[in-house]
Amino acid sequence: MGIFSRKTSIFDSTKTVHVTNTYQIQGKPIVCPQCGHNQFDFGSALLNTPGMTFLGLDWANRTATILACKECGHIDWFLREPQEIK
């Protein structure tokens with residue numbers, strides 16, 4: 001079994017937790033700009049830069065929070081982590 005027969009990418013920089021919930025940022029609820037839905041899958045991704053990749057220091061790059069709408073699949077990126085509304 002070689003690396004080309006894998007079903008998942010070995011270079012996947014996203015880490016999805018798959019927690020569906022509602023979120024807010026700076027006290028305002030987040031809604032999908034496409035469909036208006038308010039439930040999202042939460043995840044994070046590494047923001048790679050060419051210089052750090054060239055030096056082999058990808059781990060030192062910043063991460064972003066990703067919210068994927070459960071209704072339409074639209075993805076929004078946030079540099080600050082949204083707070084979960086309980």
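For clarity, every value in this text was computed on a predicted model and none was experimentally measured.
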Trainee: When you compare the side chain of Phe40 with that of Glu71, does any pair of heavy atoms fall below 4.5 Å?
Mentor: no
Trainee: What are the two closest non-hydrogen atoms of Gly36 and Val31, and how far apart are they?
Mentor: O-CB, 4.1 Å
Trainee: Kindly write out the residues that satisfy side chain to side chain donor-acceptor pair (under 3.5 Å) with Asp76, not counting sequence neighbours, or none if the list is empty.
Mentor: His74
Trainee: Using a 4.5 Å cut-off on heavy atoms from C-beta on, say whether the side chain of Thr65 contacts that of Phe42.
Mentor: yes
Trainee: Measuring from Phe78:CZ to Ile25:CD1, what's the distance to the nearest 0.5 Å?
Mentor: 5.5 Å
Trainee: Would you please name every residue forming a side chain to side chain donor-acceptor pair (under 3.5 Å) with His37, sequence neighbours left out?
Mentor: none
Trainee: Mind checking the CD1-OG spacing from Ile66 to Ser44? Nearest 0.5 Å is all I need.
Mentor: 7.0 Å
Trainee: Applying side chain to side chain contact (heavy atoms under 4.5 Å, CB included), name anything that partners Gln24, two or more places apart in sequence or on another chain.
Mentor: Gln83, Ile85
Trainee: Just do the side-chain contact (heavy atoms from CB on, under 4.5 Å) check on Ile30 and Leu67 with the steps written out, would you?
Mentor: CA-CA 9 Å; Ile30 298 172; Leu67 294 181; 3.8 Å; yes
Trainee: Run the numbers on Asp41 and Lys70 for side-chain contact (heavy atoms from CB on, under 4.5 Å), then give the verdict.
Mentor: CA-CA 7 Å; Asp41 279 335; Lys70 286 296 288 182; 3.4 Å; yes
